[in-house]
Amino acid sequence: MKSLSSLSTRLPTPKVKPQRPYFPKDSFANYRQFLIIENQALYTRLGQAKSFELSMPMVAAANISLAARKAIFDTLGEGVQDMKAKIKAFNIFLNAKQRLRPEEAQKTFSLLKLKFNWLLDSMDIFADVLTLRGEHGNGVWLSGMDALAEDALVLDDEYFVAPPLITYLDRGHGAAIRRARTRLPGGKSNPVGVIRIPRERMISTGIASSLVHEVGHQGAALLGLISSLRQTLRQKAALDVANRDIWEWYERWISEILSDFWSVAMIGIGSTTGLINVVSLPSYFVFRLKKDDPHPPPWIRVRLSIAIGAKLYPDAQWTRLEKLWDRLYPIHQAGTGQIQAFKRLEALIPKFVHLLVHHSPPALKGKPLHSIFPTAERQVNKLRALHREWNQKPALMKKARPSLVFAVVGQARADGQIMPQQENLILDKMLRAWALRRHIF
């Protein structure tokens, strides 16, 4: 397999008489000459692509993992070599003596150019990720966030082969993921999960809430949870006629709810408080019910996150958080036309959460969903005890899993034991430590 740094090979120059114009009038060579030159231009542009290792400025600790680099370079390298072969084949075809209709030649070239642009689009996806690794401070944080993302995909048993995960920053309000094993532009399988984090989230445990939610999308896809739960919810809707429409709403939202479940299961109350920060919007948006939106309205989404947390990690804090949310967004703000719909959605939350927590899809080999997460070690009292212990022995924090560190710090923040400034200093130190551990030790 050739590396991306070997893209400087040139096509053989077409044999064209220097004194002859490029586009002779009414000549059969007109369109052929035009397409030969355009094809040569594609090859020349391809030759400008350089290996990311030669073009991306970053310190060693900010780099993506070796597994991610190899997966990306192998995938793009294959794409480049395949594109080279197609361009060469078209060049030979154009130089052949047989006659062909101009419109057929143009059709072939236009398809070739589409594939060429798809390859560049794929390169740009990863170039966007790697370019940000050169930003002072942020680059190393991103490497630490890679460590958190990959740790959040680790379950209590091996149910799948986890792909490499990489993170990057972008503008906007919402996080997103381009999942591994989905299609890149042009059809190739994406070798890594690419997670976009809004720059506004780069503070405190808000990082983990959004990041682990996106990891949840990857995990749910690897376990086949969405299709399995949708089937179960459809069965519920068929049996519970009085609440059929409510079960249908939950089925429509199940992908986002599963990702919130994954986040709460991994980092506890820090996931829910981070979610509250994300969805703190004018009340019109918090109570907006849209049939084509895969996201639950923020009001019910936060209530679901609280209910999941109370089920996995029983503690009085969830009741207090629920009361706080109701004070921030009293249900009467939904408007008279939708209050009843929200009350019905709320009334079904206990049954829905019970079904979700105890769901047992084929991939889990008979185990309920809650059992595959490290919930035993992340009960509220244990997180509080770890915070006290780490205050006395800070070095112990560096030995813990990244997701556990965020769970402990998020719990301490919710308990009022630390303020945002102190929380940020701790997480800054830990993200840097994880980045160094990935690339130096």
Side-chain angles (χ1 to χ4, degrees), residues 152 204-206 208-210 212-213 216 250 257-280 286 296-333 342-343 345-358 368-392 397 400-401 403-420 422-423 426-427:
S204 311
T205 44
S209 179
S210 291
V212 182
H213 171 91
Y250 283 130
I257 295 172
L258 271 171
S259 295
D260 283 343
F261 177 93
W262 199 287
S263 185
V264 174
M266 281 293 179
I267 61 173
I269 198 169
S271 171
T272 308
T273 55
L275 174 63
I276 288 174
N277 182 276
V278 170
V279 300
S280 290
V286 173
W299 191 83
I300 203 72
R301 185 176 173 186
V302 170
R303 294 297 294 266
L304 283 165
S305 182
I306 290 170
I308 291 167
K311 190 77 171 178
L312 297 178
Y313 306 112
D315 188 89
Q317 67 180 354
W318 300 103
T319 301
R320 294 194 294 270
L321 190 59
E322 183 178 77
K323 289 179 179 178
L324 171 63
W325 182 243
D326 287 344
R327 292 186 67 185
L328 295 175
Y329 292 99
I331 196 170
H332 69 77
Q333 291 183 335
F342 278 99
K343 285 184 175 180
L345 285 164
E346 181 186 13
L348 210 59
I349 284 178
K351 288 183 179 181
F352 172 76
V353 170
H354 179 83
L355 179 150
L356 178 63
V357 167
H358 295 283
L369 185 57
H370 72 87
S371 69
I372 66 174
F373 292 91
T375 53
E377 68 181 30
R378 304 188 187 194
Q379 293 300 313
V380 176
N381 288 337
K382 291 188 177 181
L383 296 181
R384 289 168 176 158
L386 280 174
H387 180 247
R388 292 192 295 269
E389 183 180 10
W390 290 351
N391 270 340
Q392 300 298 318
M397 190 183 300
R401 289 179 58 177
S403 57
L404 178 59
V405 170
F406 271 90
V408 170
V409 174
Q411 184 63 55
R413 166 83 175 272
D415 290 340
Q417 296 298 306
I418 58 174
M419 297 301 288
Q422 183 184 2
E423 176 190 23
I426 293 170
L427 297 181

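Just so you know, residue 1 is the first one in the sequence shown, and it goes up from there. Reckoned from all heavy atoms, side chains included, excluding hydrogens, waters and symmetry mates.
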Gln417 backbone acceptor or donor facing Asp415 side chain under 3.5 Å: no
Partners passing side-chain contact (heavy atoms from CB on, under 4.5 Å) against Pro368 (at least two apart in sequence or in another chain): His370, Ser371
Exercise: identify the closest heavy-atom pair between Met266 and Ala152: CE-O, 3.2 Å
Shortest non-hydrogen contact between Trp325 and Trp299, atoms and distance: NE1-O, 3.2 Å
Test item: Tyr313 side-chain N/O and Asn381 main-chain N/O as donor-acceptor pair under 3.5 Å: no
Approximate separation, where rounding is to 0.5 Å, of Ser209 OG and Ile269 CD1: 11.5 Å
Exercise: identify the closest heavy-atom pair between Thr272 and Ile306: CG2-CG1, 3.8 Å
side-chain contact (heavy atoms from CB on, under 4.5 Å) between Leu356 and Leu304, worked out: CA-CA 11 Å; Leu356 178 63; Leu304 283 165; over 6 Å; no
CZ-CG distance between Arg301 and Leu275, expressed to the nearest 0.5 angstrom: 5.0 Å
Nearest-0.5 Å distance, CG of residue Leu427 to CZ of residue Phe406: 4.5 Å
Worked check of side-chain contact (heavy atoms from CB on, under 4.5 Å) between Leu345 and Ile349: CA-CA 7 Å; Leu345 285 164; Ile349 284 178; over 6 Å; no
Trace of the side-chain contact (heavy atoms from CB on, under 4.5 Å) decision for Arg413 with Val409: CA-CA 6 Å; Arg413 166 83 175 272; Val409 174; 5.5 Å; no
Chi angles and distances behind the side-chain contact (heavy atoms from CB on, under 4.5 Å) call for Ile331, Asp326: CA-CA 7 Å; Ile331 196 170; Asp326 287 344; over 6 Å; no
Residue pair Leu383 / Ala407: nearest heavy atoms and the distance that separates them: CD1-O, 3.8 Å
CD1 on Ile308 to CZ on Arg303, rounded to 0.5 Å: 13.0 Å
Nearest-0.5 Å distance that lies between atom OH in Tyr329 and atom OG in Ser280: 4.5 Å
Gap separating the NE2 atom of His213 from the CG atom of Leu258, nearest 0.5 angstrom: 10.0 Å
Minimal non-hydrogen separation, Gly309 against Val264, with atom names: CA-CG1, 3.7 Å
Ala310: side-chain contact (heavy atoms from CB on, under 4.5 Å) partners, not counting sequence neighbours: Trp318
Side chain proximity check, Leu348 to Tyr250, heavy atoms < 4.5 angstrom: yes
Passing candidate, side-chain hydrogen bond (donor to acceptor under 3.5 Å, both in side chains) with Gln411, options Gln317, Arg378, Lys382, His387: Gln317
Which atom of Gln379 lies closest to which atom of Leu312, heavy atoms considered: NE2-O, 3.0 Å
Main-chain N/O of Ile267 paired with Ser271 side-chain donor or acceptor, under 3.5 Å: no
Side chain to side chain donor-acceptor pair (under 3.5 Å) involving Arg320 - partner list, sequence neighbours excluded: none
